[in-house]
Amino acid sequence: MKTFICSNCSKELKLADRIYEKAYKGQVFCLDCRASHGGRRVGAGRPSLGTTKKVSITLPDEIWEKLDEHRKEQAMSAFLRELIIENYE
């Protein structure tokens, strides 16, 4: 029976099962000591712009049409955010 010894924490594992042999073949660290991928990490992801508040705005169709013309390919939320920030900064 093969034994795996982690180079980081010195944990000893008996590799009796073929599944474990595959998981540890060519590795120097046990599963607990290997770097993990994905999930929450400090500093990861898109930085926050502020607080999100959901609102509904009722406007005449003519105004919505003008907004659509001016925003072009930009998302409506980004377009409105820019309009509001320009007028209140």
**Prompt:** Same hydrophobic cluster for Val28 and Phe4, using side-chain heavy-atom links shorter than 4.5 Å among ILVMFWY?
**Reply:** no
Between the CD1 atom in Ile5 and the CD atom in Glu12, the distance rounded to the nearest 0.5 Å is 4.5 Å
### Task
Decide yes or no for Leu67 and Leu59: does some side-chain heavy atom of the first lie under 4.5 Å from some side-chain heavy atom of the second?
yes
Of all heavy-atom pairs linking Cys33 and Asn8, the shortest is SG-ND2, 3.2 Å
Q. Can you list the steps and then say if Lys11 with Asp32 is a side chain to side chain contact (heavy atoms under 4.5 Å, CB included)?
A. CA-CA 10 Å; Lys11 184 190 304 183; Asp32 294 332; 2.5 Å; yes
Between Cys6 and Cys30 the two heavy atoms that sit nearest each other are SG-N, 3.3 Å
Pair up each side-chain donor or acceptor in residues 69-86 with any protein partner under 3.5 Å, not counting sequence neighbours, and list the distances.
{"unit_1": "His70", "atom_1": "ND1", "unit_2": "Lys66", "atom_2": "O", "d": "2.8"}
{"unit_1": "Arg71", "atom_1": "NE", "unit_2": "Asp68", "atom_2": "OD1", "d": "2.9"}
{"unit_1": "Arg71", "atom_1": "NH1", "unit_2": "Gln74", "atom_2": "O", "d": "2.7"}
{"unit_1": "Arg71", "atom_1": "NH2", "unit_2": "Asp68", "atom_2": "OD1", "d": "3.3"}
{"unit_1": "Gln74", "atom_1": "NE2", "unit_2": "Glu82", "atom_2": "OE2", "d": "2.9"}

